[in-house]
Amino acid sequence: MNLTELNKIARGMVAPGKGILAADESTGTIKKRFDAIGVESTTDTRRDYRELLFRSNEAMSKYVSGVILYDETIRQKAKDGTSLVKLIEQAGSIPGIKVDKGSKPLPGCPGELITEGLDGLRERFIEYRQLGARFAKWRAVIDIGPGIPSYTCVSTNAEALGRYAALCQEQDIVPIVEPEVLMDGDHDMDRCYQVTEFVLKEVFQQLYYQKVALEGMVLKPNMVVPGKKSSKQASVEEVAERTIKLLKNCVPPAVPGIAFLSGGQSDEEATAHLDAMNRHGDLPWRLTFSYGRALQAAPQKAWSGKNENVAAAQRAFTHRALMNSLATLGQWKADLERKAA
Ligand code: 13P
């Protein structure tokens, strides 16, 4: 393991003013997104859409530090024959790859999931590295509900994250460690805090047991938010305060950066929350975004599968990327959204 190199890449991924574009939707997930805009999901439409994002020059060169790709995309070529990986590199952004194989029911734990994909992972890392990946992502999914999460679910997922991260670093690839506590339920913010704390404590214990170098990784957590169906919603400042308190209690300062998932927050909420956290200042790690939906919902809608909409889609993507870039610096303002609209 070359820790100096890993640390350099990790710091690049969370560089001030920049964050990560999570464009690693599985074939099933991107189909859902395309269904919503009335676009058939084929190898070509997926390529056209992602090519449009990666050719958004301003966004990619100024605001996007890295892109998480899916297995299909890391092998695809743009219409003119240039590989999509090359487009990302030419913009000065770092290619990364989702390596987990999704989640399956966890035996003995009704309603809970375990992420799969460890078998053969070393060999897959070797190939992905040759294809240009310098970082990877593995997502564990933890749901909150009556009686869940169980310790079985939290500990088995944390162990898998540890095994993935250790293998990643062995192959000189920076692991994004993503334990996502879902915001789907009707739980309140306190419960989200408790569960996320439990999960992060367990994950960092496993990273320690499995000899993962914290300087060479990036954490991708959820924020502390009430469940979507909760009757008690929270202010931007409450989310920022609770999330920072939680992270200070769980994430060692050796970790270079934390890149949040958006997890179903609206575009503007995801930006406002990140901005409020960065306004606090005096944090031991960089805080940035690794958004999927909160960066892509707007460009997907603007594009709607039509060639003539490519420029409008690129503008929509660039706008969201700029808003989130400002949020990484604590310099976003709500009226910048209105002006753009
Ligand atoms: P969202 O921002 O849409 O939650 O996606 C981020 C991600 O990569 C989830 O694994």
Side-chain angles (χ1 to χ4, degrees), residues 13-14 19-34 36-37 49-50 53 63-74 93-103 113-117 133 135-144 157 160-161 164-165 168 174-185 192 196 199 203 217-225 227-228 239 243 257-274 277 287-301 316-317 320-321 323-325 327-328:
M13 289 161 68
V14 298
I20 298 164
L21 165 63
D24 60 322
E25 299 85 357
S26 63
T27 311
T29 303
I30 196 78
K31 183 179 181 309
K32 270 196 252 165
R33 307 279 183 261
F34 279 14
I37 52 168
Y49 168 65
R50 285 164 171 154
L53 295 177
Y63 318 131
V64 175
S65 58
V67 182
I68 317 175
L69 300 167
Y70 187 60
D71 182 77
E72 175 186 75
T73 323
I74 200 171
S93 188
I94 313 167
I97 181 77
K98 168 194 175 78
V99 298
D100 68 70
K101 294 201 163 174
S103 48
L113 300 168
I114 178 74
T115 301
E116 297 193 337
F135 68 90
K137 167 188 130 172
W138 178 289
R139 172 175 177 254
V141 185
I142 313 289
D143 205 356
I144 298 182
N157 274 292
L161 276 167
Y164 142 82
C168 222
V174 171
I176 293 184
V177 173
E178 179 180 4
E180 174 172 7
V181 177
L182 298 177
M183 59 181 289
D184 291 338
C192 176
T196 309
V199 169
V203 167
M217 64 163 277
V218 169
L219 179 71
K220 176 163 174 168
N222 51 283
M223 298 177 194
V224 178
V225 287
K228 270 191 223 156
V239 171
T243 305
I258 297 172
F260 293 100
L261 56 92
S262 61
Q265 298 179 39
S266 73
D267 297 358
E268 205 172 312
E269 277 166 359
T271 305
H273 290 152
L274 178 62
M277 284 186 247
L287 293 186
T288 186
F289 57 91
S290 176
Y291 294 161
R293 282 163 285 180
L295 275 173
Q296 295 187 68
Q300 279 164 5
K301 205 166 152 218
F317 173 50
R320 287 269 41 96
M323 294 298 102
N324 286 303
S325 163
T328 71

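One-based numbering, in listed order, for ligands and for the atoms of each. Residue indices begin at 1 and follow the sequence shown.
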Check: Atom CG in Asp24, atom OG1 in Thr29: separation rounded to 0.5 Å?
Finding: 9.0 Å

Check: Hey, which atoms in ligand 1 end up nearer than 4.0 Å to a heavy atom of Ala22?
Finding: 8 (O)

Checklist line | Polar side-chain atom of Ser65 near backbone of Gly19 as donor-acceptor pair, under 3.5 Å | finding: yes

Next item on the list: Kindly give the heavy-atom pair with the smallest separation between Ala270 and Ser262, and that separation in Å.
Entry: CB-CB, 4.1 Å

Next item on the list: List every atom of ligand 1 that sits less than 4.0 Å from any heavy atom of Tyr291, numbering the atoms from 1 in the order shown and giving each element.
Entry: 2 (O)

Item checked: Side chain, backbone, both or neither: the part of Arg293 lying under 4.0 Å from ligand 1 by heavy atom -> both

Check: What is the closest protein heavy atom to atom 9 (C) of ligand 1, and at what distance does it sit?
Finding: Glu178 OE2, 3.2 Å

Check: Short list, please: which atoms of ligand 1 are under 4.0 Å from a heavy atom of Ser262?
Finding: 1 (P), 2 (O), 3 (O), 4 (O)

Note to self: How long is the straight-line distance from CD of Gln296 back to CG of Leu21, given to the nearest 0.5 Å?
What the structure shows: 5.5 Å

Next item on the list: Run the contact test for Ser290 against ligand 1 with a 4.0 Å cut-off on heavy atoms, strictly below, and give the result.
Entry: yes

Check: So, for Val64 and Phe317, which heavy atoms are closest and what is the spacing to 0.1 Å?
Finding: CG2-CZ, 4.2 Å

Checklist line | Closest non-hydrogen atom pair between Phe260 and Leu287, with its separation | finding: CE1-CD2, 4.1 Å

Next item on the list: Check each atom of ligand 1 against the heavy atoms of Lys220 and keep those under 4.0 Å away; list them by number with element.
Entry: 6 (C), 7 (C), 8 (O)

Note to self: For Arg50, is there an ion pair with Glu25 - N to carboxylate O distance below 4.0 angstrom?
What the structure shows: yes

Margin query: For atom 5 (O) of ligand 1, what is the closest protein heavy atom, and at what distance to 0.1 Å?
Written below: Gly292 N, 3.5 Å

Check: Who's closest to atom 4 (O) of ligand 1 heavy-atom-wise, of Gly264, Ala140, Ala294, Gly263?
Finding: Gly263

Note to self: I'd like to check which ligand 1 atoms, numbered from 1 as shown, lie under 4.0 Å from a non-hydrogen atom of Lys137.
What the structure shows: 7 (C), 8 (O), 9 (C), 10 (O)

